[in-house]
Structure formats: structure tokens, C-alpha cells
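Structure first, commentary second.
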Amino acid sequence: MTAQAKIKASFPVRRMDFGFKDVPKYWFANDPFLTHFLTSLSSLFPEGEFFFVTSMRNIRDQIDDPVMQKEISAFIGQEAMHSKEHKAFNDYATAHGIDVDYMHRRVGKLLKFGHKILSHKQQLAITCGLEHFTATIANQLMRREDINGLMIDPMMRKMWLWHAVEESEHKSVCYDAYQHLYKNGYGTRATFMALAWSILALVLVEQQVRLMAKDKQLLNISSWRRGMWTLFGYKGFLSELALPLLDYFRPGFHPEDHFSDDMEAKYKALLKFDN
Ligand SMILES: [Fe+2]
Ligand SMILES: [Fe+2]
């Protein structure tokens, strides 16, 4: 065995196959708004994660560090598995009358356009920004048991927590590759983070309204109120994340500054992962 073959990534690629069936229509908190919010996020993952993987494949030949190469391979493996399982869920949701295809197609077109017109550095900067977003949400989802416990379907809860554990495990890979290649890349990293988040926010708002309207829940005021309070109210799921998200704009920022090892260990044990 060569020395390089002996090097292992710091996290594994786990093969999953959830085989969704009998998922309740409102599997998150028995609530249309909250369920559609997570379904909306799920609909973005297959194309989004393909973009992340492509932006890493673009630059990996320029990285001669064998440890970093192993980390990149494991990152690609984890993201490919996330895409596969979220696509399986999205197909299940579509078959049950939830229209996730529309935004999936539009986001796919937008990201393909991004691949065409943006440099490899800019694409990687977008990936770093969105990876910080997913890692921050993941850490919060694991920490807020009062919220992840609202997922009334055990399979759905397992999928989201598995994804959260792995987003935490690989949260530094893209950022380290970016820093390795573009040491003075703060301006691009911050600019494309702001751009990516702005587009993501618009997409999520549009998709929330569409999914609620298609489900004839647009005028369900109590669901809107509950959902908005859960996300943006006092100690809301997202309102608590303002500072950790904005920390990305600090010049000396590193993803490992945001501790999540305790949550990874807790949920790996809970989900019975052996590595
Ligand atoms: Fe992922
Ligand atoms: Fe990720």
C-alpha cells in the first residue's frame, strides 16, 4: 500500500437508502408552512449540491496536498449521497401532489448559467458561502431538539439529522481549498457570499408562497403565523443564526470557529452510525 493510499479523510461517506413511504403530508410539526419550508430546502439540494461538487472538481487538480485530496473525495461522496436521498424524497413529494419540480428546474438553470459565466474562483466562493449556510443551519437543527423533535415522521427526522451531521463534518473542506488556492481571496469570498445568500433568500420566499398557494394554504393565517414565529420570532430557528451567519464576513473567519463536535457525536450515537 502506498503512503497516499494509507491517508484517510477525517469523515466517512455513509451509504443511505431511506426508501420513503407513508410520510404524512405535514410531516413537520403537523403544519403546512413549516413542512413546505423544509420541502422547499430539500428541492434545492440536488442541483445545489451538484453545483458544490462541480466547483470542487474544477479546482482539485491544482491541489497537491494528499490530505486535502482525500477530504475533497469524501466531501464529494457525502454530497452525492445527499443529492440522491433528497431527490428520492423530492420525487416522493411530487408523486404526492407537492410541486417541487418547478423551482428545482429554475434553480438548475440558474446554477448552470453560473457555471458558464463565473470563474472557478467565483464558483468556489459561492460554494464556500452556501456551505457555511448549510453548516450553520445543520448545527442549529442538531442543537434545537425542540424543533427537530417536531418532525413527526421518524424517517424524515433521520434523513435531516444524517444530513446535518455530515454538513457539520465536512464544513471546512471547501473553505480550506479556497484558502489554499486564493490566499488573498477575501473580496471575492465576501461578495459572492452576499450574492448567493440574496438569491437564496428570494428563491425561498418565492417557493414558500408557491407551495402554500398550490396546497391551498395561502390564507392559512395561523400556519403562517406559527411558521414565521418558529423561524424568525424570539429564539426563532433562523433569528438565532444572524450572528453566526454574519461571522463569515470577518476577515479571519474559519468554519471550525463554530463548534459542532458535541452535536456530531450526539447524533452519530443517536442514529447508530458506527463511524
Ligand atoms: Fe449536503
Ligand atoms: Fe455540504
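Both counts, for ligands and for their atoms, begin at 1 and track the order of listing.
Distance check for H170 against the Fe ion (ligand 2): an N/O/S atom falls below 2.8 Å.
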> What's the verdict on side chain to side chain contact (heavy atoms under 4.5 Å, CB included) for K183 and Y178, showing C-alpha distance, side-chain angles and the deciding distance?
Replying inline: CA-CA 8 Å; K183 288 171 185 60; Y178 183 88; over 6 Å; no
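Taking the six-membered ring for Trp and the full ring otherwise, W162 and F18 have centroids separated by under 6.0 Å.
Relative to the six-membered ring of Y248, R189 meets both conditions, a distance below 6.0 Å and an angle of at most 45° to the axis. Seen from the ring of F273, R14 counts as a face-on cation partner, given the 6.0 Å and 45° thresholds.
Without hydrogens or angle criteria, W224 side chain to F33 main chain gives no donor-acceptor distance under 3.5 Å.
Neighbouring protein atoms of the Fe ion (ligand 1) (N, O or S, distance under 2.8 Å, waters ignored): E49 OE2, E79 OE1, H82 ND1, H163 NE2, E167 OE2.
Taking the Fe ion (ligand 2) as reference, E131 places its N/O/S atom OE2 nearest.
Partner S40 forms a side-chain hydrogen bond (donor to acceptor under 3.5 Å, both in side chains) with one of Q207, Q208, R210 and no other, that one being Q207.
Taking the side chain as every heavy atom from C-beta outward, E256 and Y175 never approach each other to under 4.5 Å.
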